[in-house]
Amino acid sequence: MWPHSFQSASSRVWSTPELVHLILSYLEPENCDYPEIRLRRSTLARLARVNTLASEVAISILYAHLKDDYGRIPTLVNLLSILGPLGPSEFGGLNFLAPLDSVDWDHFLRYSRCVKTIDLSQLYPLKGENNRLIHGIAPEAFLAMHTSQPHAFHMFPSLRSLCAGSYDRVDHSNCFYDFVFQSRLSELQVEQIDSVSKLLSSVAPSLDTLKTFHFQEKSQNIQLSHCQELLAIIPRLTRLTDLSIPLAFVPTVLPMLSCKKNLRTLQFTHFITDTHDGHCQILFPKEGFLDLEDLSLQDFSPKPHNRLTILSAFQNVCALHIQLDHIQVEDYREYFIKLSFGFPSLEELRIASCLRNRYWLPDSPPAFDMLEPLFTFSAICDFTFDTDIPFSLSDEDVDQIARAWPHLENFSFCKDSLYYASPRLSASGLISFAEHCPDLCTLTLPIDANIEPSHDPTQTRAFNEGFTRLNVGFSPISWPSEFLALCLASLLPDNAQLDFEEDDLREQKKSSRVYHWESMCCRVHSLLDERDAGSSEGSSEGSSEDSDNTGSSGQSSG
C-alpha cells in the first residue's frame, strides 16, 4: 500500500471510517420522495458490493430500519433472503425453499446485526389464519431459523425498536418474537397481544433500557394478576419516559406511576367496545407526576365525569389529549369543570368524541356553556375539538373565546360536523380572532354563509401575516355571493388558503354546497392574487419614483 503521504485526497477520505460514515449518512433513505429513496438505496447497495472500504458502513445504513413500505426501505423478506431463497408455503405466506443446515450464519449476521428498528406495518391486512404472517413471512420460516441457528446466536444484537400495528398480533408462539425480545429494546409499541403476562415477562431483558413502552388490551381481558405484574416491573423501568397502558390498569398502578421520575408522556387507552366497570375510578393523587408534560386519556364510559378526580394540579403538563364517547352536553361541561383547575401550564388541548352518529343530526346545540370552564387555560396555543355533533357558536361566543385565549396559534372546532341547521356564526364573527389572537396561524370553524356579514370589507382587521389557512368545514351555503367573497378575502393575508370539507358518504356527491364552496374558494383566491399583484406593482412604482428623485437630486447638486 502507498504511504499515507502518497495517497490521493480521495483515497485518504475513503480510508477514514468517520468520514465515510458522514458521507454515506446523507444517503439514508428517509424523508424524501419515492424516486429519490430508490436512487439512494441502489447507491448504497452498489457501494456495499464494489467498495470494500465503504461496504460495512453502507450495509449498516441500508439495513438499519426494516419496514414494509412498498420498496422504500428493506423488509424482513429482503433480510431473510440472505439466508436462503423464499417461496410460497402450503400454509400461506413465505417459507424457505431448502433446509438451512449449511447456511453461512456469519454472512447473515453481517446484515442482521445492523438492524436497529423493525416496523411491522399494516400492508398485510390479512384475516383468519393469515394474520399470523409477519411481513408476509410464515411462522414456519422463523421456526426453521430457530432450529438451525448456531448455539447462543443473537439474531438482532443492535435492535432497539419494535413497532407492531393493529394487524400484527404479538404471538409468542412465533419464534420471531424470541429473536426480538432477546434484544435490549429502548422502544416497544404493540397494539394486539396474545397474553399480557407473556408480554410483561418478555420485556425483562429491556427493563433498564426501555424508554417507550406502549401496549393495548381490552378491559375485560385485564385481570388483577396482570396489574400486580405491571406493578412489579414499574420500579425496574429506570429509563422510562413514555408509557401507554390500558385504562383498566389505572386504579391499581396510578399511585406508583405518580412517583415515577422522568416520566414525560402518559397515555391511558380504552376501546369503544369495552365493558364499563362502574367501580373503576381515575384518581390522580396529590403532588404527583412532577415531570409529566403530555397526558392522553381515553374514556368511553357513559358518565366519564363521575369517575375522574384530580386532587392537585399538574404543574408541568403542557399538552392534554382527551377522547370521550358521545355524551350529553351537560356531561361535557361537568367533565371540563373537573379538568379546569388541574393544568395551569396547558398550551395544547385536543378533545375528541367518537364518531357514531355520522349521518343525521337536525339540530345544532349551542357549545359555549360547555366550553366556558376551559377558559381557565389562559396559555392555550393549540385547541382542537373534534366531533361529528354539529355544535354551534355565535359571533358573541367566538369573541369571548378569542379574548380568553389570546395566545392561540391553531384553533379547530367541529371540523367533521355536518350542518343541517345553522351553526349561528357569521363571517363577521371571525374578526374577533384577528383582533385578539395576533399569533393565529390556522383556523378551522364552521360558519353560516347564508348570514350576510355585517362588517365593511374595506375597514376590516385582517389576520396577521403569518396566518396560512382558514377552513370552514361543512359550513352551509346557499349561494356564493360576491360580498361574502370580499369579506373573507379581506380577512386573509395574500398567501393564505381558504378551504372546506366534503364527504361523499354523508352528503350527495358533488352536492350544491360543495359546488358553491368550490366557487367561493376560487373567487377568494382570485381576489387575493389581484391584491397581491396590485401591491407588487405599487412597490415597483414607488421604487422607480425614489430612483428618479435621487437622480434629479444628483443632477441638481452637480
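Sequence positions, counted from 1, serve as the residue numbers for this chain.
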Between [X] and [Y], is any side-chain donor less than 3.5 angstrom from a side-chain acceptor?
| X | Y | result |
| --- | --- | --- |
| Asp386 | Thr384 | no |
| Ser296 | Gln267 | no |
| Thr468 | Gln497 | no |
| Ser195 | His172 | no |
| Thr241 | Asn262 | no |
| Glu348 | His321 | yes |
| Asp294 | Thr265 | no |
| His65 | Thr117 | yes |

Donor-acceptor check, side chain of [X] to backbone of [Y], threshold 3.5 angstrom: yes or no?
| X | Y | value |
| --- | --- | --- |
| Asn174 | Asp171 | no |
| Thr444 | Lys415 | no |
| Lys338 | Ile310 | no |
| Arg264 | Glu293 | no |

- Verify side-chain hydrogen bond (donor to acceptor under 3.5 Å, both in side chains) between Arg110 and Ser55, making sure each step is shown before the conclusion. CA-CA 11 Å; Arg110 183 186 178 211; Ser55 178; 2.5 Å; yes
- Query: In terms of ring plane angle, is the pair Phe391 and Phe413 parallel, tilted or perpendicular, where the classes change at 30° and 60°?
  - Reply: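 Aromatic pair Phe391/Phe413 classed tilted.
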- Task: May I ask you to decide if the ring planes of Phe176 and Phe156 are parallel, tilted or perpendicular, using 30° and 60° as cut-offs?
- Result: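 If you compare the ring of Phe176 with that of Phe156, the planes turn out perpendicular.
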Specify the closest pair of heavy atoms between [X] and [Y], including all atoms of both residues, with the distance to one decimal.
| X | Y | result |
| --- | --- | --- |
| Ser25 | Ile61 | N-CD1, 3.7 Å |
| Thr387 | Cys414 | CG2-SG, 3.8 Å |
| His135 | Asp119 | NE2-O, 3.2 Å |
| Ser148 | Leu100 | OG-CB, 3.4 Å |
| Leu408 | Asp382 | CD2-N, 4.5 Å |
| Phe142 | Phe179 | O-CZ, 3.8 Å |

State, with a plain yes or no, whether a side-chain heavy atom of [X] is found less than 4.5 Å away from one of [Y].
| X | Y | value |
| --- | --- | --- |
| Lys198 | Tyr177 | no |
| Ser219 | His270 | yes |
| Val77 | Leu86 | yes |
| Asp331 | Lys303 | yes |
| Asp299 | Asp325 | no |
| Leu243 | Ile234 | no |
| Leu231 | Thr252 | yes |
| Met256 | Pro235 | yes |

- Query: Where do Ile137 and Asn95 land on the side chain to side chain contact (heavy atoms under 4.5 Å, CB included) test, with the steps shown first?
  - Reply: CA-CA 7 Å; Ile137 302 169; Asn95 196 2; over 6 Å; no
- Query: Which residue, Val253, Ile222, Leu257, forms the side-chain contact (heavy atoms from CB on, under 4.5 Å) with Leu230?
  - Reply: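 One option only clears the test, and that one is Val253.
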- Item | Where at least one partner belongs to residues 45-64, residue pairs that pass ring-ring contact (aromatic ring centres under 6.0 Å, His included), sequence neighbours excluded |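 Every ring-ring contact (aromatic ring centres under 6.0 Å, His included) pair that includes a residue of residues 45-64, provided the two are not neighbours, is Tyr63-Tyr111.
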Measure the spacing between [atom1] of [X] and [atom2] of [Y] and express it to the nearest 0.5 Å.
| X | Y | atom1 | atom2 | value |
| --- | --- | --- | --- | --- |
| Leu159 | Phe181 | CG | CZ | 10.0 Å |
| Glu229 | Phe249 | CD | CZ | 8.0 Å |
| Phe289 | Ser312 | CZ | OG | 10.0 Å |
| Leu247 | Cys280 | CG | SG | 5.0 Å |
| Ile59 | Leu44 | CD1 | CG | 10.0 Å |
| Leu339 | Ile322 | CG | CD1 | 5.5 Å |

- side chain to side chain contact (heavy atoms under 4.5 Å, CB included) between Phe343 and Leu349, intermediate numbers included: CA-CA 10 Å; Phe343 303 92; Leu349 176 59; over 6 Å; no
- Query: If you draw a 6.0 Å radius around CD in Gln220, do more than 12 non-hydrogen atoms from other residues or ligands fall strictly inside?
  - Reply: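 Enclosed.
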- Task: Please say whether more than 12 non-hydrogen atoms of neighbouring residues, nucleotides or ligands are located less than 6.0 Å from CD in Glu287.
- Result: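 No.
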- Task: Could you give me the CA-CA distance, side-chain angles and deciding distance for Arg113 and Glu56, then say whether salt bridge (Lys or Arg N to Asp or Glu O under 4.0 Å) is met?
- Result: CA-CA 11 Å; Arg113 70 186 179 192; Glu56 291 299 323; 3.6 Å; yes
- Query: Are Phe213 and Phe215 close enough, and set up right, to give a ring-ring contact (aromatic ring centres under 6.0 Å, His included), and what steps lead you there?
  - Reply: CA-CA 7 Å; Phe213 185 25; Phe215 72 95; 5.3 Å; yes
- Phe383 and Phe411 aromatic centres sub-6.0 Å: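 Ring-ring flag for Phe383/Phe411: true, centres closer than 6.0 Å.
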- Item | CA sep, side-chain torsions, deciding dist, call: Phe108, Asp104, side chain to side chain contact (heavy atoms under 4.5 Å, CB included) | CA-CA 7 Å; Phe108 174 77; Asp104 184 354; over 6 Å; no
- Test side chain to side chain contact (heavy atoms under 4.5 Å, CB included) applied to Arg506 and Asp388, step by step: CA-CA 11 Å; Arg506 291 191 288 165; Asp388 58 355; 4.1 Å; yes
- Query: Among pairs that include at least one residue of residues 203-218, which meet side-chain hydrogen bond (donor to acceptor under 3.5 Å, both in side chains), considering only residues two or more places apart or in two chains?
  - Reply: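 Every side-chain hydrogen bond (donor to acceptor under 3.5 Å, both in side chains) pair that includes a residue of residues 203-218, provided the two are not neighbours, is Arg184-Asp208, Gln189-His214, His214-Asp242, Glu217-Asn221.
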